[in-house]
Amino acid sequence: MAESTLSEKDTYICIVLGASGDLAKKKIYPTLWQLARHNMCPKNTLFVGYARSDLTVPKLREKVEPFLKVAESEKDALESFFKRCFYVKGSYTESQAFSNLDAELRSIGAKHGTSGGKINRLFYLALPPSVFAPVTTHIRATCFTDQGWNRVIVEKPFGKDSDSSAQLSKHLAGLFKEDEIYRIDHYLGKEMVQNLLVLRFANTILGPIWNRNYISAVIISFKEPFGTQGRGGYFDEFGIIRDVMQNHLLQILCLIAMEKPCTSNSEDLRDEKVKVLKSTRSEER
């Protein structure tokens with residue numbers, strides 16, 4: 001989001017759809033807390049969780065808090081953060097559920113937002129692709145605000161194969177403008193992954209020798225010290241290969257192998273990644 005589009009007079013509501021899930025508690029809420037603790041989001045930002053589970057904010061906090069990094073001196077800031085958090089229970093497929101969500105968002109914005117400014121909405125889809133289509137349809141039909149801008153963040157995996165990915169892209173293009181959609185792989189937010197760009201293009205020692213003349217092979221290893229932990233249903237449907245290899249590991253491959261982009265602009269980064277993928281030969285079976 002361009003900094004010029006943020007105003008202290010406006011209210012920003014971040015809606016996390018799938019708030020009861022593994023991704024939300026381990027990645028999204030910890031990230032939102034980090035943004036809040038470092039004053040990297042407007043003070044008048046509100047966080048609304050939405051899911052099918054029967055939760056309250058205190059119950060949601062119990063799930064999330066073990067994954068938050070909180071210093072002793074930040075206890076008051078953490079309390080302030082959770083005072084800005086709300087939770088709404090509802091279905092992912094029923095129109096009435098999203099009408100209820102819209103009513104709650106309007107109520108939250110009116111009670112806790114700034115008066116006189118715009119009320120902007122950011123929808124984060126921390127959901128499996130199987131419900132992307134109905135959820136985005138209901139968001140566009142029911143939950144888009146006319147009091148500010150709207151944005152939709154689509155979390156990976158983006159479909160389960162080439163056909164479903166193309167179908168999803170066509171579906172989203174029929175609902176939203178391109179600048180309203182953000183496609184995201186949360187793995188790129190890891191410090192180690194972000195440091196790859198600095199290591200490659202800002203290191204005067206490694207930069208000149210990071211090429212095929214000096215590097216014979218690169219091995220990318222992926223390890224996790226835990227099991228599925230409640231994600232069995234998700235992995236049964238999509239599988240670990242679709243979840244990890246075509247997203248996380250291909251992104252790392254691109255960062256390791258791509259040429260230096262013209263700028264740090266997201267489109268220039270994307271273009272260089274695409275060049276890597278087009279140059280990659282697939283293994284013959």
Side-chain angles (χ1 to χ4, degrees), residues 1-51 53-90 101-126 143 145 147-151 153 155 182 184 186-195 225-226 229-230:
M1 193 75 61
E3 189 173 332
S4 60
T5 64
L6 301 179
S7 170
E8 291 298 327
K9 296 180 181 178
D10 296 342
T11 299
Y12 304 89
I13 304 180
C14 176
I15 304 100
V16 180
L17 294 105
S20 62
D22 193 75
L23 176 61
K25 73 178 181 181
K26 288 183 178 179
K27 301 296 182 184
I28 299 175
Y29 274 99
T31 300
L32 295 176
W33 158 242
Q34 289 291 332
L35 292 173
R37 75 190 284 217
H38 293 299
N39 297 316
M40 296 181 69
C41 59
K43 294 182 180 179
N44 41 342
T45 302
L46 307 172
F47 309 102
V48 179
Y50 181 84
S53 302
D54 188 13
L55 293 176
T56 60
V57 172
K59 290 181 180 179
L60 180 64
R61 179 172 179 172
E62 288 180 10
K63 292 168 66 72
V64 169
E65 198 161 3
F67 300 95
L68 304 183
K69 295 180 180 179
V70 185
E72 192 63 34
S73 60
E74 296 174 325
K75 297 294 185 181
D76 291 341
L78 184 65
E79 292 299 325
S80 177
F81 170 74
F82 277 106
K83 286 180 181 178
R84 295 156 63 186
C85 292
F86 306 86
Y87 183 81
V88 179
K89 176 186 176 182
L101 173 61
D102 180 63
E104 288 292 334
L105 294 176
R106 292 181 182 275
S107 175
I108 291 169
K111 291 180 181 178
H112 303 278
T114 54
S115 59
K118 297 179 180 179
I119 301 179
N120 306 294
R121 295 181 181 179
L122 173 66
F123 299 88
Y124 195 120
L125 274 61
C143 295
T145 180
Q147 300 176 332
W149 51 248
N150 299 275
R151 299 289 186 271
I153 298 177
E155 177 63 75
Y182 290 83
I184 190 170
H186 62 266
Y187 207 77
L188 296 180
K190 285 184 174 291
E191 185 176 3
M192 176 202 71
V193 178
Q194 291 185 331
N195 284 344
F226 49 83
Q229 293 185 345

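This chain uses plain numbering: 1 for the first residue, then up along the sequence. This structure is a prediction, so every number in the text was calculated from the model and none was measured.
E62 meets the side-chain contact (heavy atoms from CB on, under 4.5 Å) test with no other residue; sequence neighbours excluded. Listed by chain and residue number, Y124, I153, E155 satisfy the side-chain contact (heavy atoms from CB on, under 4.5 Å) test with I184 (two or more places apart in sequence, or in another chain). Remark: E65 pairs with R61 by the side-chain hydrogen bond (donor to acceptor under 3.5 Å, both in side chains) rule, at least two apart or across chains.
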Report task. Determine, stepwise, if the pair C143 / F123 fulfils side chain to side chain contact (heavy atoms under 4.5 Å, CB included). Result -> CA-CA 10 Å; C143 295; F123 299 88; 3.8 Å; yes
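Within the structure, salt bridge (Lys or Arg N to Asp or Glu O under 4.0 Å) pairs that include any residue of residues 102-111 comprise D102-R106, D102-R121 (at least two apart or interchain). Listed by first and then second residue, the ring-ring contact (aromatic ring centres under 6.0 Å, His included) pairs involving residues 65-90 are W33-F81, F47-F81, F86-H112 (not counting sequence neighbours). For residues 68-77, the set of pairs meeting the side chain to side chain donor-acceptor pair (under 3.5 Å) definition, not counting sequence neighbours, comprises R37-E74.
Scanning all heavy atoms of the two residues, the minimum distance from C85 to V57 falls at O-CG2, 3.5 Å. In plain terms, the two heavy atoms of A19 and A51 that are nearest each other are N-CB, 3.9 Å. The two residues A126 and L23 have their closest heavy-atom pair at CB-CD2, 3.9 Å. Annotation for P30 and A24: closest pair CD-O, 3.8 Å, computed over non-hydrogen atoms. Between R84 and T45 the shortest heavy-atom distance is NE-O, 3.0 Å. Closest approach of K27 to K190, counting heavy atoms only: NZ-NZ, 3.2 Å.
Atom OG1 of T11 sits about 11.5 Å away from atom CD1 of I108, to the nearest 0.5 Å. In this structure, CD1 in I15 is found 5.0 Å from CG in L105, a value given to the nearest 0.5 Å. For the atom pair CD1 of I119 and CG of N150, the computed distance is 11.5 Å after rounding to the nearest 0.5 Å. Distance check: Y12 OH to T114 OG1 gives 8.5 Å after rounding to the nearest 0.5 Å.
With hydrogens and angles disregarded, no donor-acceptor distance shorter than 3.5 Å links the side chain of N120 to the backbone of G148.
Each of L60, V48, L32, L122 was checked for a side-chain contact (heavy atoms from CB on, under 4.5 Å) with V16, and the lone residue meeting it is L32.
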